[in-house]
Amino acid sequence: MISAFLIPMFVYLPGYFLGASLSRKGDGWAELALLRVACAAAVSTPVLVALALLGRFEVPVILGVLGVCAVVAWAFSRRGEARARPGRWDLGALGLVAGAFALYAHPAEYVLKDRDPGVYAVAAAKLARTGELLTRDPLVGAVASFHEFEHEAKHPGFYIHGVDLVVPQFFPGPFAWLGLGNLAGDIWGELYVVPVFGALAVGMAFVLGGELFGQWTGFVGAALLAVSYAQVWWARYPSSEIMTQFFVLAGLWFAARFVRGGGVGTGVLAGALLGGAMMIRVDAFLAALVIPALILHDVLLGRSPRKWVSLCVPLLLAGGGMLLYAGTVGERYLNLIRDLHVPDNVLQLSPYLLGGAFLMASAVLVLRRSWSGGYEPLLALHGRRAALLAALALLGAALWVYFVLPEPWVGLPEYWGGDGSMAGFNAYDRQVAVRMVWFLTPVVAVLGMVGFVVAAYRLDAARALFLGAVLAFGFLYVALPNVAPDLPWATRRFVSVVFPGLCLLAGYAIVEARRATSGTSFAGRCRISGRPDSSKAPST
């Protein structure tokens with residue numbers, strides 16, 4: 001009972017102090033509360049992961065380290081003041097989060113077998129019980145010499161590294177958070193971790209949409225996300241997708257505030273949140289893929305890239321740490337990904353990609369010296385038109401993937417393949433867009449594509465970060481979908497970023513259509529809430 005009270009309090013304390021110092025004029029109580037929650041998650045994640053890997057995942061140690069973090073956060077933010085004021089959107093945000101939690105607060109009790117939720121649940125329970133994520137088992141070492149353990153064998157949910165080191169299959173972030181829930185409330189506390197993250201992710205979708213497109217868009221888009229079938233399904237299972245969704249949406253929110261004039265602290269927290277996502281899923285680096293392009297954009301404009309240091313340092317530290325983990329004790333997991341999900345010819349492109357990146361960087365430096373005054377006028381003159389044409393081209397490709405690419409239903413094999421265990425299984429991959437649209441619903445998918453085209457035409461740095469994350473995840477998992485015949489399972493890879501992104505873009509399309517058909521300025525109503533109309537944001 002004491003742990004159930006102390007653990008959430010000590011997790012929240014660092015964020016309580018940091019969030020207040022990062023609030024800005026015009027923020028409501030909802031924004032301030034979510035700022036504090038996001039800061040708490042950004043600080044706690046690396047602490048929990050480090051303690052799990054060090055084998056010191058114990059309540060006294062966790063409380064002690066988080067207590068030190070709270071003192072440091074207080075020291076850095078004691079001059080900050082919470083500038084939030086009550087606003088008319090606070091009740092709306094509270095209703096979204098509470099309603100989402102009411103939908104998700106029925107965690108699935110059956111999570112065993114060898115599917116991912118069972119892996120997360122069992123490994124997290126073991127972490128809470130033993131205090132260590134990586135375990136040296138002398139019995140395993142004794143039989144390794146005459147058992148296939150020593151040949152990189154994968155067993156349900158774990159690998160054997162060397163001869164006796166038992167390593168969970170996935171990245172350590174989800175195990176740390178689920179294990180923390182187990183310490184606070186035993187197995188049911190563990191199972192409620194993901195529903196809590198799911199409800200908070202809906203809140204993050206609200207503030208991200210409000211920052212990018214206006215408060216009405218944030219509200220409509222977050223509501224569409226909250227009631228999405230795939231969101232409800234995955235928010236009830238102990239898995240990594242919903243946790244990743246929370247960290248990516250929160251990180252993009254902080255990053256949007258940063259590129260629109262936020263200070264160093266906002267940049268550091270944006271990098272820490274996106275870095276926290278990298279501790280949870282191996283593909284989370286895709287959410288930060290646009291940042292190098294924005295840095296190059298600033299360089300071409302003659303601006304100093306120094307402002308990006310605050311965001312990139314925590315991002316690189318987290319990414320480097322997980323790269324080290326994946327290259328050592330987690331190498332079996334990377335081998336599995338490479339063998340099952342990555343075609344060989346993709347890996348062969350790596351040297352060419354590195355060479356292309358080097359040539360691009362060299363070209364940017366040459367252009368900056370010889371053409372420093374011509375880039376900005378050219379972008380101002382043709383930027384919107386180029387972005388619109390690119391968006392329309394992507395829309396055409398999406399329509400082709402939906403209507404032309406899919407395998408006909410009559411040609412699909414039986415469940416789990418006909419004569420062979422995987423015979424014709426890849427035929428399901430070509431139906432990835434169809435499955436995605438069904439679970440998102442065709443109306444939301446169509447509105448999302450319309451919103452994407454409008455957002456691309458009114459592009460700025462903050463929207464570029466958001467659209468880049470959605471497109472990066474979308475491209476990867478349409479090209480390498482690994483779609484299974486059991487339909488809900490097929491949606492898991494789109495839950496983290498693609499589905500929330502399309503829901504927010506659908507909300508943007510709805511609001512823009514309402515504004516276009518209304519005699520009263522809808523943008524003016526958004527400004528009443530204290531938030532400027534972001535559709536007037538300057539284009540890059």
Side-chain angles (χ1 to χ4, degrees), residues 3-4 6-8 10-12 14 40-70 111 116-137 140 157-162 164-187 189-194 196-197 238-240 242-244 246-247 272-273 275-282 284 314 317-334:
S3 297
L6 289 180
I7 288 176
F10 274 71
V11 167
Y12 180 68
V43 172
S44 300
T45 300
V47 169
L48 297 175
V49 168
L51 292 178
L53 293 176
L54 292 172
R56 298 309 306 271
F57 199 82
E58 303 156 359
V59 172
V61 178
I62 292 172
L63 296 183
V65 176
L66 290 177
V68 172
C69 292
V111 294
D116 296 2
V119 175
Y120 287 117
V122 172
K126 176 258 182 186
L127 171 63
R129 187 181 71 254
T130 65
E132 55 185 19
L133 185 64
L134 311 175
T135 304
R136 291 202 175 274
D137 191 326
V140 172
F158 66 91
Y159 300 89
I160 307 299
H161 185 79
D164 63 351
L165 185 63
V166 181
V167 181
Q169 180 177 347
F170 304 110
F171 269 25
F175 301 123
W177 277 106
L178 292 169
L180 189 72
N182 192 293
L183 290 175
D186 203 44
I187 189 64
E190 177 181 327
L191 293 177
Y192 269 95
V193 168
V194 172
V196 170
F197 268 107
S239 61
S240 64
I242 293 295
M243 290 188 196
T244 306
F246 167 84
F247 278 92
L273 286 163
M278 294 182 189
M279 298 181 185
I280 293 173
R281 275 189 68 88
V282 67
L317 287 175
M322 287 302 98
L323 190 61
L324 178 63
Y325 176 86
T328 53
V329 295
E331 62 179 340
R332 304 290 189 263
Y333 180 40
L334 284 189

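The shortest non-hydrogen separation linking Val329 to Val167 is O-CG1, 3.5 Å. Nearest approach of Cys69 to Val43, heavy atoms of both residues: CB-CG1, 3.9 Å. Nearest heavy-atom pair across Met278 and Gly319 is SD-CA, 3.6 Å. Across every non-hydrogen atom of Thr244 and Ala277, the tightest pair is CG2-CB, 4.5 Å.
At distances below 3.5 Å, at least one donor-acceptor pair connects side-chain atoms of Thr328 with backbone N or O atoms of Tyr325.
Once rounded to the nearest 0.5 Å, the distance linking CD of Glu132 with CZ of Phe57 reads 12.5 Å.
Applying the ring pair (Phe, Tyr, Trp, His ring centres under 6.0 Å) criterion to Phe247, with sequence neighbours excluded, gives no partner residue. With sequence neighbours left out, Arg136 forms a salt bridge (Lys or Arg N to Asp or Glu O under 4.0 Å) with Asp164. By the side chain to side chain contact (heavy atoms under 4.5 Å, CB included) test, Leu63 is found to be paired with Leu6, Ile7, Phe10, Val59, residues two or more places apart in sequence or in another chain being considered. Applying the ring pair (Phe, Tyr, Trp, His ring centres under 6.0 Å) test to Phe170 and every residue at least two apart in sequence or in another chain returns Tyr120, Tyr333.
Evaluation of the salt bridge (charged side-chain N to carboxylate O under 4.0 Å, His left out) test over residues 171-180, restricted to residues two or more places apart or in two chains, returns none. For residues 118-131, no pair satisfies salt bridge (charged side-chain N to carboxylate O under 4.0 Å, His left out), with sequence neighbours left out. Residue pairs meeting the salt bridge (charged side-chain N to carboxylate O under 4.0 Å, His left out) criterion with at least one partner in residues 49-58, sequence neighbours excluded, are Arg56-Glu58.
For the pair Ser44/Leu66, a side-chain contact is recorded, criterion being any heavy-atom separation below 4.5 Å from C-beta on. Counting heavy atoms from C-beta outward, Ile280 and Pro172 have side chains that stay 4.5 Å or more apart.
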Just list the side-chain donor-acceptor pairs under 3.5 Å for residues 47-54, sequence neighbours left out, or say none.
none

Distance-only donor-acceptor hits, side chain of residues 174-184, under 3.5 Å, sequence neighbours excluded:
residue, atom, partner, partner atom, Å
Trp177, NE1, Thr45, OG1, 3.1
Asn182, ND2, Glu190, OE1, 2.8

